[in-house]
Protein chains: 2
Amino acid sequence: MDRAKQAKLESAGWVVGTPKEFLNLSAEDEAFIDMKVALAATLRERRVDQHLSQVEAAKRLHSSQSRVAKMELADKTVTVDLLIRSILGLGGTREMVAAAITR
Amino acid sequence: MDRAKQAKLESAGWVVGTPKEFLNLSAEDEAFIDMKVALAATLRERRVDQHLSQVEAAKRLHSSQSRVAKMELADKTVTVDLLIRSILGLGGTREMVAAAITR
DNA sequence: TCAGGATATGTCCGATCTGACATCTTGTCA
DNA sequence: TGACAAGATGTCAGATCGGACATATCCTGA
């Protein structure tokens, strides 16, 4: 299993290495996770493009460095709501959000 | 103030009729609320297109009629996460979600 | 090497969300 | 009318989220 796939499963709360790995995520679950991963990547791009550290980004978003890290990793404790609001908070547009979702 | 605008503000938790009404939502807040409203409309379209009642849709989504109603009204207790998962759960695609977001 | 900045990981608790239930309103048809 | 289906609204308890903190790991330059 490649890293991206593993990260995706883990962000969905799966523990890689158990039989669960082989139980299917439904197509919907998978589509949803893909969106989260794409939004997370978009957030990181927004931040890096602006030469911000996670600490600086956290300040702008009224959040914390650890949460920014989790967002960018599409951690399972991070919602799509938070990702979208954060992308917007770093100057992203609705179009950028939509682009991530279809990515 | 027209109904749509009022619904939008109320879904954001504002109480229409107080001074808060005149305090600006930031552009980001407004963009986010617009997305929610558009996703809510998309959800309703998906349901109606399939000739489902809210009760039937709730069953498919493993939710309840009251929550479906709140989703379609972009109630402030409803997250974008739930809206997106519900649209997908009624057979919607990522493209439909993206279209709603740029609507 | 190692020091320091940047990022990742684990945990906690107050805040928010969600399914469920009850109840109310609305629309329609006889 | 009134009866019934559909939808809207209010509330609650359990579940999940999110900022914060502590700490660990990863880079990079000297």
Side-chain angles (χ1 to χ4, degrees), chain A residues 3-4 6-16 28-29 32-33 36-37 39-41 43-90, chain B residues 3-4 6-16 28-29 32-33 36-37 39-41 43-90:
Chain A
R3 285 176 177 282
Q6 180 169 339
K8 194 176 80 173
L9 287 166
E10 287 176 351
S11 80
W14 299 115
V15 177
V16 173
E28 296 147 46
D29 289 341
F32 187 72
I33 294 165
K36 258 182 78 167
V37 170
L39 288 166
L43 177 62
R44 175 159 285 179
E45 283 162 20
R46 292 289 316 149
R47 176 177 67 80
V48 172
D49 280 356
Q50 295 174 62
H51 309 290
L52 300 175
S53 67
Q54 289 184 346
V55 169
E56 292 165 328
K59 192 157 296 182
R60 292 200 191 186
L61 298 173
H62 306 292
S63 182
S64 63
Q65 178 270 325
S66 59
R67 187 127 308 268
V68 171
K70 286 172 218 255
M71 284 190 237
E72 294 185 355
L73 296 170
D75 185 273
K76 73 177 168 183
T77 72
V78 169
T79 62
V80 165
D81 290 65
L82 185 61
L83 286 168
I84 292 179
R85 279 189 279 103
S86 297
I87 289 170
L88 296 175
L90 291 187
Chain B
R3 285 175 177 282
Q6 180 169 339
K8 194 175 80 173
L9 287 166
E10 287 176 349
S11 80
W14 298 114
V15 176
V16 172
E28 297 147 45
D29 289 341
F32 187 73
I33 294 165
K36 256 181 81 165
V37 170
L39 287 166
L43 177 62
R44 174 157 286 180
E45 284 163 18
R46 293 287 316 147
R47 177 178 66 80
V48 172
D49 280 357
Q50 294 175 60
H51 309 291
L52 299 176
S53 66
Q54 289 184 346
V55 169
E56 292 166 328
K59 192 158 298 183
R60 292 202 192 185
L61 298 173
H62 306 291
S63 183
S64 63
Q65 177 270 326
S66 59
R67 186 125 311 267
V68 171
K70 286 175 222 271
M71 284 190 236
E72 294 184 355
L73 295 170
D75 184 273
K76 73 177 167 182
T77 71
V78 168
T79 61
V80 166
D81 272 77
L82 185 61
L83 286 167
I84 292 179
R85 280 189 281 105
S86 297
I87 289 169
L88 296 176
L90 291 187

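Each chain gets a letter, A, B and so on, in the order its sequence line appears, and its residues count up from 1. Computed from a predicted structure; not experimentally measured.
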If I take atom [atom1] in residue [X] and atom [atom2] in nucleotide [N], what distance separates them, rounded to the nearest angstrom?
X	N	atom1	atom2	result
A:Lys36	D:dC17	NZ	C1'	10 Å
A:Arg60	D:dG19	CZ	C1'	19 Å
A:Asp75	C:dT11	CG	P	12 Å
A:Gln54	D:dA20	CD	P	15 Å
A:Glu72	C:dT9	CD	P	12 Å
A:Leu73	C:dA6	CG	P	17 Å
B:His51	D:dG7	NE2	P	13 Å

Review point. For A:Glu56, which residues count as a salt bridge (Lys or Arg N to Asp or Glu O under 4.0 Å) partner, sequence neighbours excluded?
Key: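 If we apply the salt bridge (Lys or Arg N to Asp or Glu O under 4.0 Å) test to A:Glu56, skipping adjacent residues, there are no hits.
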Check your understanding: Got a sec, which residues hit salt bridge (Lys or Arg N to Asp or Glu O under 4.0 Å) with A:Arg44, two or more places apart in sequence or on another chain?
Key ->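 By the salt bridge (Lys or Arg N to Asp or Glu O under 4.0 Å) rule, A:Arg44 matches A:Glu72.
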For residues [X] and [Y], report the shortest heavy-atom separation together with the two atoms involved.
X	Y	answer
B:Leu83	B:Met71	CD2-O, 3.6 Å
A:Arg46	A:Ile87	CG-CG2, 4.4 Å
A:Gln54	A:Ala69	OE1-CB, 3.5 Å
A:Val78	A:Arg67	CG2-NH1, 3.7 Å

Exercise for review: Assign a letter to each nucleotide of nucleotides 13-30 of chain C from its 5' end: B, base within under 4.0 Å of a protein heavy atom; S, sugar-phosphate only; -, no contact.
Suggested key: ----SBBBB---------
Point to revise | OP1 or OP2 of D:dG7 under 4.0 Å from side-chain N/O of B:Arg47 | key: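 For B:Arg47, the contact criterion (side-chain N or O under 4.0 Å from OP1 or OP2 of D:dG7) is met.
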Point to revise | Partners passing side-chain hydrogen bond (donor to acceptor under 3.5 Å, both in side chains) against B:Asp81 (at least two apart in sequence or in another chain) | key: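 Counting only residues at least two positions away or on another chain, B:Asp81 forms no side-chain hydrogen bond (donor to acceptor under 3.5 Å, both in side chains).
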**Study point:** side-chain contact (heavy atoms from CB on, under 4.5 Å) partners for A:Ile33, two or more places apart
**Key:**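 By the side-chain contact (heavy atoms from CB on, under 4.5 Å) rule, A:Ile33 matches A:Lys8, A:Ser11, A:Ala12, A:Leu25, A:Val37.
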Check your understanding: Quick one: OG1 on A:Thr79 to CG on A:Asp75, what's the gap to the nearest 0.5 Å?
Key ->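 Interatomic distance, A:Thr79 OG1 to A:Asp75 CG, rounded to 0.5 Å: 11.0 Å.
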Exercise for review: Rounded to 10°, tell me the angle between the two end axes of the helix from C:dT1-D:dA30 to C:dA30-D:dT1, each built from five pairs.
Suggested key: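 Rounded to the nearest 10 degrees, the bend comes out at 40°.
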